[in-house]
Structures are given as C-alpha cells and as structure tokens.
Amino acid sequence: MDIPCEKGKTSNLKNRLIGHIQGYAQGPIVLFFAAIHGNEPAGVIALQKIFIGLEHRKAEIKGDIYGIIGNLNALNAGQRFIDEDLNRIWTKNRIDQLDKKANLLDEETEMQNVWNLIQDILQNVNGPVYFIDFHTTSSKTSPFITINDSLNNRKFALQYPVPIILGIEEYLDGTMLNYINQKGYVAIGFEGGQNQEEKSIAHFEAFIYLTLNFAGLIKKLSFPFFDQYYDFLDNSTGSLRKVFEIVYLHKIDVWDRFMMYGGFESFQVIRQGMDLAIHNDQIVKAPYAGRIFMPLYQSQGNDGFFIIQKIPFFALNLSSFLRKLKVDNLLTLLPGVRWEVRDKMILKVNSRTARFLTKPFFHLLGYRVRLKEGDYLKLSNRERVAKKKMYRKEKWY
C-alpha cells in the first residue's frame, strides 16, 4: 500500500484494496469506497491514514473494515474518469453484459473488478453490512450526506451531525449506491468538501470514526476522541443540520457549452429567476427558489447544478408512519395506478388519469420517478427490498 503524499495528493497506487481490518470477533462489516471519481483523492488519503492507525487497535474492533478504491486508473491519472463516469453505469443491464463483451471500456473494467471484490466480501457475511461512498465536489461546500430514500438509510444517516439530501436516485441513473440499495443494504454517500481541500480529508477521518461507532464496530468507551470528531463535523455544517430534498437538476449534454457563474457554493440560498449559469450562450435562471447544490466548476460532468429545498420534520415523520403501515398496498385502488411487476417494487402511473397524484405524495410512500414512457410514469421503491431483519437489532434502528 502506498502512503499519502503531501498537499492532498496520492502517490501511484496499484492495489484497489486500501486496507482490511479484521477485528477480534465477528460483527458488522463496513465497506468504505473512495475515488469512484478519480479527481477526488481526499477519501483515499483519509482511509490510508485511518488504516495505519487502526492496525494497532484490532483488539477494540468487533467486525470487519474495508477501504476500497473505485476508479484506480482515473485516480492515478488525476481525472474524474477515463472513458465514462463510473458512477453513472451501475445498472443491472450494464453489469449483466460485462461477461458477454469482448472489449470493455476502462470504467466497465473498473466496475467489474469492484463488483467482484464486493461479492467476495459478501460471501462470508455474518453481521449487518454498511456501504459508505466518499466524494468531494468542484464547488465549495459544507460536508453532507446523500441517500436513496429508504427508512433504513434515513435512520442510520440521522445519527450524523450533517445535512442529509434525499431523492438523488430520482435524478441520477447508474450510481453505485443506487445499485447497492437495490440489494437491500444500508448505503450512504458522504461528500467531505471541495476537491483538493485539505479540510475535506479531516472531514472524512471524522466521518470514518463516527461510522465505526454508529455501526457498532468500536465502543464509545474505547474511543476517547468521539466527541471531538462529532463536534468537528457539527461545527463544519453550521446551522445546516437539516434534511433536504432535490427538486431540480440542470442537465448538460456531452457537446453542450456550460459555465456556472462564479462564487456559488452548495447550500447557498437562491431566489426564483436568479441568473445562475450560461448554457449554450443562453442565461440559465433558477426555476425554483431554494438552495443551490453541487454547482459544476470542472470540465468533466453532466450535472450543471441541483436545487434543493428543506423537508419539514413533520413530513418525514408522516412518511415513516405511512410506510410502516404499508399504505402503498392501497395505491392500485386509485384510477390510473397499477403494479408494473408482482414484487410491488415498481408502480406504473398514468399521468393523465392520476394527475391529481403529485410527486410529493408518492415521495411520502417511498416512491421515486425512474422513467417516463409516453403518458406513463414508472416509480420505484426501496422499502420492499430493504434488509430490515439484518439491521433490526442494531442500536440506531
């Protein structure tokens, strides 16, 4: 394993597995992923540092800890990706086709290697499993969590003193965490800060230690710096410890010309109609009031910016209540709504006959729009596949 270099860089890395710590007894398994985007090395550096420290604390750890590099070639090249964005190709169809293709694109090879490693790890699972994906952004930002909207993910994520963003699966296709969530595991993304910013590394280190405690691998009594790490993340987010929902994404096609106006930071308040960017020589104005989220300030990427809005806690509580009652079983009694398949994972909604049913209504029940086919919307749900039995005995559940 190579050791971190100075000033937020990594030396040339050859091993995808940053480290593996096997504790004194069987227990939870946590898989940390970094550099799914190769121009985001901070998570790798933090994991390298943490694994060096944890080697001397195996007697205090119950369970297994893995650190995994996502896009090894892009990391060594210092690029977001080589052929295509690795965090946009994790779909069942793409993965099923890997063994049938004669020549794989660079990121397809990376995905195949990562998925094979994950499957090898999951073969010997005895305790609950947690997937944590580390990222940084091209714009300035406070640290935050992104999750697919399942109750398991919510409960686990709410332990951290950072803002939580729901609904990213409705706007981004093929993310690794979305694919993992379809398998039923707890999977959360953590954005540590801006690319190359030294403080991002410190945010990741704090998050790693909090995760090991929250997931039950390290007891707080044997963890003297827990409160310091917690307060560090809490202070880094200011008054932003809230839950937000994505309401808009400004997409960019491959050959489009896009330039964000300077000075925008994630979570900055914006008003409707505010000038935000230039897209193909046209001024882009904010279609909604809210907060701007992950504005694009790099050459690679197809997501210009998001807009998020705060979710009231009463809505979150109502949502949890309705999902536990499985109210969605009654949805097909409504006109224009039926199950796409028998497992009740996907709803097919006629947008004409069911136009009185708005997206927020379906969001309450855990359904997110995944596809539009003519007059029909297909909405998916993660609650049906969530491995509730795996996590039910955990303290956070």
Side-chain angles (χ1 to χ4, degrees), residues 30-44 46-47 66-71 75 80-81 85-91 111 114-115 118 129-139 141-195 200-201 203-208 210-212 214-215 233 236-237 240-246 249 266-267 293-294 296 301 303 305-306 308 368 382 386:
V30 179
L31 293 82
F32 293 101
F33 296 85
I36 293 291
H37 293 136
N39 63 334
E40 302 173 13
V44 175
L47 285 166
Y66 292 87
I68 300 168
I69 294 173
N71 199 333
L75 176 65
R80 182 176 173 89
F81 56 82
D85 193 328
L86 177 57
N87 211 30
R88 301 292 184 272
I89 63 174
W90 285 78
T91 64
M111 179 170 64
V114 171
W115 182 233
I118 291 172
V129 184
Y130 302 86
F131 290 81
I132 313 293
D133 186 19
F134 286 156
H135 288 272
T136 51
T137 68
S138 61
S139 61
T141 183
S142 298
F144 61 89
I145 286 172
T146 60
I147 58 172
N148 280 209
D149 189 12
S150 71
L151 294 184
N152 278 359
N153 280 345
R154 280 194 201 177
K155 290 177 183 179
F156 188 73
L158 283 168
Q159 297 178 101
Y160 299 89
V162 299
I164 298 170
I165 314 299
L166 298 180
I168 199 163
E169 71 271 27
E170 197 165 32
Y171 295 89
L172 298 183
D173 291 323
T175 66
M176 183 185 73
L177 290 189
N178 188 49
Y179 187 77
I180 297 299
N181 268 138
Q182 290 173 1
K183 305 295 182 183
Y185 298 101
V186 168
I188 68 176
F190 178 65
E191 302 269 355
Q194 190 173 24
N195 297 348
S200 299
I201 300 172
H203 289 153
F204 286 129
E205 291 182 58
F207 195 88
I208 292 167
L210 293 189
T211 299
L212 297 181
F214 294 154
L233 284 181
S236 294
T237 59
L240 287 172
R241 192 177 176 183
K242 300 177 176 69
V243 180
F244 297 90
E245 182 171 42
I246 296 173
L249 165 61
S266 281
F267 299 101
F293 181 61
M294 293 199 292
L296 184 69
D303 310 317
F305 61 87
F306 298 82
I308 58 175
R368 299 275 168 175
R382 296 289 173 265

Within the side chain of [X], is there an N or O that forms a donor-acceptor pair under 3.5 Å with the backbone of [Y]?
X	Y	value
Thr136	Gly192	no
Asn71	Gly38	no
Asn195	Thr137	yes
Thr91	Asp173	no
Thr175	Asn178	yes

Item to complete: Kindly assign one of parallel, tilted or perpendicular to the pair Phe131 and Phe33, based on the angle between their ring planes and the thresholds 30° and 60°.
Response: parallel
Fill in: Centroid-centroid under 6.0 Å between Phe244 and Phe293 rings
no
Fill in: Test side-chain contact (heavy atoms from CB on, under 4.5 Å) applied to His135 and Asn87, step by step
CA-CA 11 Å; His135 288 272; Asn87 211 30; 3.9 Å; yes
Discussion item. Run the side-chain contact (heavy atoms from CB on, under 4.5 Å) test on Arg154 and Leu166 for me, step by step, so that the C-alpha distance in whole Å, both residues' side-chain angles and the decisive distance to 0.1 Å come before the verdict.
Written reply: CA-CA 9 Å; Arg154 280 194 201 177; Leu166 298 180; 4.2 Å; yes
Search all heavy atoms of [X] against all heavy atoms of [Y] and return the closest pair with its distance.
X	Y	answer
Ile180	Ala187	CG2-CB, 3.9 Å
Leu296	Asp303	CB-O, 3.5 Å
Ala206	Leu233	CB-CG, 4.0 Å

Practice prompt. Apply side-chain contact (heavy atoms from CB on, under 4.5 Å) to His37 and Leu86, showing your working.
Written response: CA-CA 7 Å; His37 293 136; Leu86 177 57; 5.7 Å; no
Discussion item. Go through it in stages, so that I can follow the logic: the residues are Phe306 and Ile165, the test is side-chain contact (heavy atoms from CB on, under 4.5 Å), and I'd like the CA-CA distance, side-chain angles, deciding distance and then a yes or no.
Written reply: CA-CA 11 Å; Phe306 298 82; Ile165 314 299; over 6 Å; no
Discussion item. Going by the rule salt bridge (Lys or Arg N to Asp or Glu O under 4.0 Å), which residues pair with Glu40 if we only count those two or more places apart in sequence or in a different chain?
Written reply: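 With sequence neighbours excluded, Glu40 shows a salt bridge (Lys or Arg N to Asp or Glu O under 4.0 Å) to Arg80, given in chain and number order.
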Item to complete: Can you measure from CE (Met176) to CG (Asn181) and round to the nearest 0.5 angstrom?
Response: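 The CG atom of Asn181 is 10.5 Å from CE of Met176, to the nearest 0.5 Å.
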Worksheet item: Just wondering, do Phe190 and Thr211 contact through their side chains at under 4.5 Å, heavy atoms?
Response: no
